[in-house]
Amino acid sequence: MHLVRISVIAALLTSAAWAQMSVPCACGHNPPGPPAPRSLKPYTGAPEDLRPFSKFTTPYYEYYQDLVEYNGAARDVPDPDLKTLSEIRIGFLAPLYDHPDAVLGNRMLNGATMAIDEANASGGYGGKPFRLITHNDYDNWQMSKSATEGAAKDSAIWGAASNDAVRMIYEDKVWAMFGSISSESTHIALRLTLKGETPLVNSASTDPTIPETIIPWYFTDIQDDREQGYTLARHIYTELGFKRVGLLRVNDRYGRFGVIKFRDASRRLGHPVVIEQKFMPGDTDFRRQLQVIEDSRVDAIVLWTNVGPAAQILQQMQELGMKQRVFGSHRTIGDELIKQAGPAAEGFEAVFPYDPTRTDARWQDFNSRYEVAFHEKPDHFAALAYDAMQILLNAICRAGLNRGRIRDALAGTVNYKGVTGEMVFDPNSKNITPMFLAHVHNGTIEYRRITMEKPYARVGENGVQYAGPTVRDEIAGDLKIGVFGPHADELVRSPETVRLLSALNTTGKHLALIAIPSDTAWGKASADLVKAVYQEHVLAVIALDRASSHLAEQIAVKSFVPVVAISSDRALTSTNIPWIFRLPQGTPLEQALQSLSAAIEQFGPNRASIRQSLASGKPLAGVRFESTGELAK
């Protein structure tokens, strides 16, 4: 089933994506009409071993697999006379002040505002400007400064989100709503969309239960906690092989609902969460929870919180001498983690919606424009808000000023190419694009694509060992290294190589190079290589390009001879052959020769020992290989 999902997503990503709004608005001249029915089975494309009850039975009916239908009358409401409007209003609900998440809410506002400004610069809607009508999303958990200082707690704050949604729809007369971060407020606003028949677009709330209400007015461009939890579980249990995992989360709705899907996935993969500890928003001392987790003998810890607490937890783990691997949700990673946690963040991993280290022109241009406008780099709250607002503005321009048709345009969005990358939307109008894994390494954050899919096979990820017969020593007085590839004879005779070989031999070694040119008839080149290995008894082979490296690798697996390949082809080290070690294309022959000379000097004239030295991870003349054969980072 996972292969089907991958092929579907690949097909969608290669189809035509909506462009950003850089041309005048179409003003509803060609509305899209109701979206065609579509399905995604199973729900969210979850792999078999992560689906509920998949080991025991097949349910007779599964929800959330088909496009949510809208059969109301909103499409029949006449469009207003554009002459009577001074602006096109969009409601915006986010924590902007008096809230612990106010910084995130304002970054979200920045991204949305930037999209609005660019649309207006292109003419707005028929010459009428778009305008954001902002509303503050108060702290429903009464953690605001005024509350903690003893001010009276207004019971209306709990209803603030519903009051604001009512005002946006009936007083502000917005054409759509945007927000919020809080899943409570988003849930409340979503209920209002049923009555007010007004689209609600989101870019920050990851509560998976929001779209599971089967309310047809919702759209989100951030992967939810289900995808995050499943992806983390696949990485931790299947890829890394951990068995005992503990949870440490913030005790609010984000933390409480966020870990549910990870717990479910852990149980289904046969490794129920060992222990779960929680802390209150605003806490700064986590030593008690960490000690409880330590006493539970876990191998790894998963954090579900924000960057600030995550940084403090990592620092306190280091102080307590805890060595467990630590993983986190998307709100635990970012440049702020490196700044706050310092060396304690090393090795931390978390899922993330996209790759912010991309160098494509569109992403770089967005970053430049955002920094000029707001004097900081955009985080994912800003970038995803920008993309979601672009999608909404595009929907309004295609559909016209009719809330029902705007909803149709949103629901008909199957894929979109935004500044954050490619997005794919399921029938519930939520982004299900595979996530990225962020990894803190040497004080920086590296990103790679990761999925919740069970790998068909794992090749070369954990290195490979030689378990063959004992390899005899060669004659110590005649230590030969083969050089195989284009113009090998010229390289061996070059002044640089001759000088280096002379210097290496001053230590008492008797190194000699056997040149095996490959720019001859291919049959002769391969025959010469075989001769060098079996008759000349070379201790190792240096292959000079991709083609010669692949042929040398095939000889190596038969003859047990190490090969240092100078090639950009990573496939060389992905075949589980323990004799191949790759240097980047363009590496001088002298560097490869120095590394092999150091290995021979340490372990003597034995091919297996030389291989073991190369795979040990220890520096050899400035070069250090991983056991996979790739250069160590």
Just grab all the side chain to side chain donor-acceptor pair (under 3.5 Å) pairs involving residues 269-278, residues at least two apart or on different chains. R249-E276, R263-E276
Under the side chain to side chain donor-acceptor pair (under 3.5 Å) definition, can you give me all pairs with a residue in residues 279-290, not counting sequence neighbours? D285-R287, R287-E319
Quick one: which residue pairs count as a salt bridge (charged side-chain N to carboxylate O under 4.0 Å, His left out) with a foot in [range], not counting sequence neighbours?
| range | result |
| --- | --- |
| residues 202-221 | D207-R253, E212-R226 |
| residues 293-315 | none |
| residues 340-356 | R325-E349 |

Return the set of residues passing side-chain hydrogen bond (donor to acceptor under 3.5 Å, both in side chains) with [X] (not counting sequence neighbours), or none when no residue passes.
| X | answer |
| --- | --- |
| R38 | none |
| S205 | none |
| N106 | none |
| T186 | none |

Which residues share a ring-ring contact (aromatic ring centres under 6.0 Å, His included) with F242, sequence neighbours left out: none
Can you list the residues that meet the side chain to side chain contact (heavy atoms under 4.5 Å, CB included) rule with D360, with sequence neighbours excluded? R358, R362, W363
Could you list the donor-acceptor pairs under 3.5 angstrom formed by side chains in residues 377-385, with sequence neighbours left out?
unit_1	atom_1	unit_2	atom_2	d
D379	OD1	F381	N	3.1
D379	OD1	A382	N	3.0
D379	OD2	R107	NH1	3.2

As a quick check of understanding, evaluate side chain to side chain contact (heavy atoms under 4.5 Å, CB included) for I333 and V307, giving each step before the final call. CA-CA 6 Å; I333 193 71; V307 163; 5.9 Å; no
